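Presented below is the structure to which this report refers.
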Amino acid sequence: MPTALALSPHLDDAAFSCGGTLNRLAANGWRVVMATVFTASVPDSRGFALACQLDKGLGPEIDYMALRRAEDAEAARHLGIAPPVHLPFREAPHRGYGSAPELFAAPRADDAIAETLAPALADLIAGTAPDLLLAPQAIGGHVDHVRMVEALRGLGYALPVLWWRDFPYTVRTAEPKQPLGALFIDLPEIVFALDAAGEAAKLRACAAYASQIGFQFGGPAGLEARLAQEEGRERLRLSGSPPPDLAALRDGTG
């Protein structure tokens, strides 16, 4: 049984961006592991970090990240993949980023999280022994996405990687930021065409992140409409040699 490891910065990124692909792999006999990096609970949040919870309609007494980890487990069930892995790193608002614009600006000079992430990712990859990695292109420029990609690329693995387009950042503006775009522009594009079952599984998985849907899409109907605009396609860039059955998987004939 081949193994695919999806490395997600936040609890929802992988499902939003390539959930259909993960479902397709699992349906074709792959062991699929979705691992999220920034999932640590932080007691007694203050300032902007707390505001990121309050603007989701969640009071300060709620363990926000515990709630989100539970949503992630439900999403994995809908995708038909293994129980998710949660790494204990803090999101950017808990690392000194004090506003929404800062989250999408250049990473802070004192934010050395990539150096801490690298050995943790190396251990995760060694323990999972994947045949294929999936990871973001950091479209949108969120600092957590950028730092995670930097950490992963610094490891220098020869494994094939499918680099996903970071949804919904890809559709928020006509020309989203692509701070790492030069790394991916010349890589071949792989398009996964989802069948009806795959689209339905992805919709259920995305809807499982109930704490995020109102903020991101205006509610379940907005989520469904936005996913429909993707027309059942997930576009990824491939680095390295593709797995031998990738063409069949991509076309839905595997």
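Numbers here are sequence positions counted from 1. In this text, all values refer to a predicted model and were calculated from it rather than measured experimentally.
For T36, there are no side-chain hydrogen bond (donor to acceptor under 3.5 Å, both in side chains) partners two or more places apart in sequence or in a different chain. Every residue two or more places apart in sequence or in another chain that forms a salt bridge (charged side-chain N to carboxylate O under 4.0 Å, His left out) with D144 is listed here: R95. F104 pairs by the ring-ring contact (aromatic ring centres under 6.0 Å, His included) definition with H142, Y169, not counting sequence neighbours. With sequence neighbours excluded, the residues that form a salt bridge (charged side-chain N to carboxylate O under 4.0 Å, His left out) with D110 are R108. Applying the ring-ring contact (aromatic ring centres under 6.0 Å, His included) test to F16 and every residue at least two apart in sequence or in another chain returns Y209, F217. Applying the side-chain hydrogen bond (donor to acceptor under 3.5 Å, both in side chains) rule to R226 yields the partners Q229; only residues at least two apart in sequence or on another chain are considered. Residues that satisfy the ring-ring contact (aromatic ring centres under 6.0 Å, His included) test with W163, not counting sequence neighbours, are F184. Taking R69 as the reference, nothing meets the salt bridge (charged side-chain N to carboxylate O under 4.0 Å, His left out) condition, with sequence neighbours excluded. For Q212, the side-chain hydrogen bond (donor to acceptor under 3.5 Å, both in side chains) test picks out Y64, with sequence neighbours left out. In this structure D63 satisfies the side-chain hydrogen bond (donor to acceptor under 3.5 Å, both in side chains) test together with S41, sequence neighbours excluded. By the salt bridge (charged side-chain N to carboxylate O under 4.0 Å, His left out) test, E150 pairs with R147, sequence neighbours left out.
Nearest heavy atoms, A6 versus A14: CB-CB, 4.5 Å. Here the closest non-hydrogen pair linking V33 and A82 is CG2-CB, 4.5 Å.
Expressed to the nearest 0.5 Å, how far CG of L79 lies from SG of C206 amounts to 7.5 Å. The line from CG of L67 to CD1 of I62 is 7.0 Å long, rounded to the nearest 0.5 Å. Rounded to the nearest 0.5 angstrom, D12 CG and D72 CG are separated by 8.0 Å. For the atom pair CG (D195) and CZ (R24), the distance works out to 5.5 Å, reported to the nearest 0.5 Å. Here CD of Q137 is found 8.0 Å from CG of L187. Values are rounded to the nearest 0.5 Å. Here the NE2 atom belonging to H10 is positioned 5.0 Å from the NE2 atom belonging to H145, to the nearest 0.5 angstrom.
For the side-chain contact (heavy atoms from CB on, under 4.5 Å) criterion with L7, the lone passing option out of L117, V37, L124, V149 is L124.
With 3.5 Å as the limit, one finds a donor-acceptor pair spanning the side chains of S211 and E71.
Using a cut-off of 4.0 Å between Lys/Arg side-chain N and Asp/Glu carboxylate O, E234 and K202 are scored as salt-bridged.
M1 forms part of no hydrophobic cluster, judged by ILVMFWY side-chain heavy-atom separations under 4.5 Å.
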